[in-house]
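Encoded as structure tokens, the structure appears first; notes follow it.
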Amino acid sequence: MVTLRLVLCLIMAVVSCGVVKGRPATFQQDFRVTWSESHIRQIDGGKTIQLVLDQNSGCGFASKYQYLFGRVSMKIKLVPGDSAGTVAAFYMISEIFGKRDELDFEFLGNRSGQPYTVQTNVYANGKGDREQRVNLWFDPSIGFHDYAIQWNHQRIVFSVDGVPIRVFKNNEARGVSYPKLQPMGIYSTLWEADDWATRGGLEKIDWSKAPFYAYYTDFDIEGCKVPGPADCVSNPNNWWEGAAYKELSPEAARRYRWVRMNHLIYDYCTDKARYPVPPPECHAGI
């Protein structure tokens, strides 16, 4: 399926529209299995992917290409019921591990009846430890919900169903590294992490409930593919670099404040045990 934005670019014959990748038609076109192929099942011709976790293995898949700036999203239906100790993830990461850039969504499983927690993190030039956690305001195991990372030279926005839950600004002027030089691949995994995932590791996986399933669909990638056109990354005409994407709109800012006031349960910026003096990016606001 081709995105509407790409169709408009083609109609208008704009050479430098900034859209390099439309939505993949099938899983096979743009992704590859990274581990435990027997635990990944393609449904409806690869339009939906089922990830399986059991006592033998978890599993994962990744994009065939890397990207630098743009927007990536997936619709995910998370593990239902008693999912304590499981982690489903959707993230971007560069190849230079010691100096890696990384943008994370991690969905932390729960005991039945408790809210699902999504943890986000940002690594730049190998520096991470910027965890924030939000309790989702809906049950993400009943149906599919859209999770997106939008990334340009000014900021990174994590959003859920179009609602921003985290904004990480470019604070290089304050001496804070910002991911802008390393292209990143797009990854998804389902794995066991009961040493930390649920209540700091207090809640363990109940393997009698296994196997556990998560579902991914509607993979959308719009960005500068690397290797690709050399001028794409610096092109100010890329839609994600436009004025509308440098700051949150008033409505998006209102929703962002609502999430932070009502659903944020952990923010490294306010963890005085870890950071007696908050890191400089914590003063940037939205």
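Because the structure is predicted, anything quoted here is derived from the model rather than measured.
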### Message
Can you give me the closest heavy-atom contact between Ser94 and Met184, atom names plus distance?
### Response
N-CG, 3.5 Å
### Query
Under a 4.0 Å N-O cut-off, is there an ion pair linking Glu241 with Lys246?
no
### Query
More than 12 heavy atoms of other residues, nucleotides or ligands under 6.0 Å from CD of Gln154: is that the case?
yes
### Query
Would a line drawn from the ring center of Tyr91 to the ring center of Phe105 be shorter than 6.0 Å?
no
### Query
Does CD in Glu37 sit with more than 12 non-hydrogen atoms of other residues, nucleotides or ligands closer than 6.0 Å?
no
### Query
Do Val122 and Tyr275 share a hydrophobic cluster (ILVMFWY, side-chain heavy atoms under 4.5 Å, transitive)?
yes
### Query
Does the side chain of Asn238 come within less than 4.5 Å of Glu222's, by heavy atoms?
no
### Task
Establish, yes or no, whether a centroid distance under 6.0 Å links the rings of Phe61 and Phe27.
yes
### Query
Should we count NZ of Lys127 as having more than 12 external heavy atoms under 6.0 Å?
yes
### Query
Is it true that Ile49 and Tyr213 fall in one hydrophobic cluster, defined by side-chain heavy atoms closer than 4.5 Å?
no
### Task
Indicate, with yes or no, if the rings of Tyr116 and Phe138 have centres closer together than 6.0 Å.
no
### Message
Please determine whether the number of non-hydrogen atoms from other residues, nucleotides or ligands lying under 6.0 Å from atom CZ of Arg199 exceeds 12.
### Response
no
### Query
Do Trp35 and Trp191 have ring centres separated by under 6.0 Å?
no
### Message
Between Trp240 and Tyr245 (judged by ring centroids, cut-off 6.0 Å), do the two rings come close enough to count as a pair?
### Response
no
### Message
Looking at Ile43, I'd like to know if its CD1 atom is crowded, meaning that more than 12 non-hydrogen atoms belonging to other residues, nucleotides or ligands lie closer than 6.0 Å.
### Response
yes
### Ion pair Arg71/Asp146, N-O distance below 4.0 Å
yes
### Query
Between Glu247 and Arg155, is there a side-chain N and carboxylate O pair less than 4.0 Å apart?
no
### Message
Closer than 4.0 angstrom, basic N to acidic O: yes or no for Asp267 and Arg260?
### Response
yes
### Pair Arg111 + Asp82: basic N to acidic O under 4.0 Å
yes
### Query
Is it true that Arg133 and Glu106 have a side-chain N and a carboxylate O under 4.0 angstrom from each other?
no
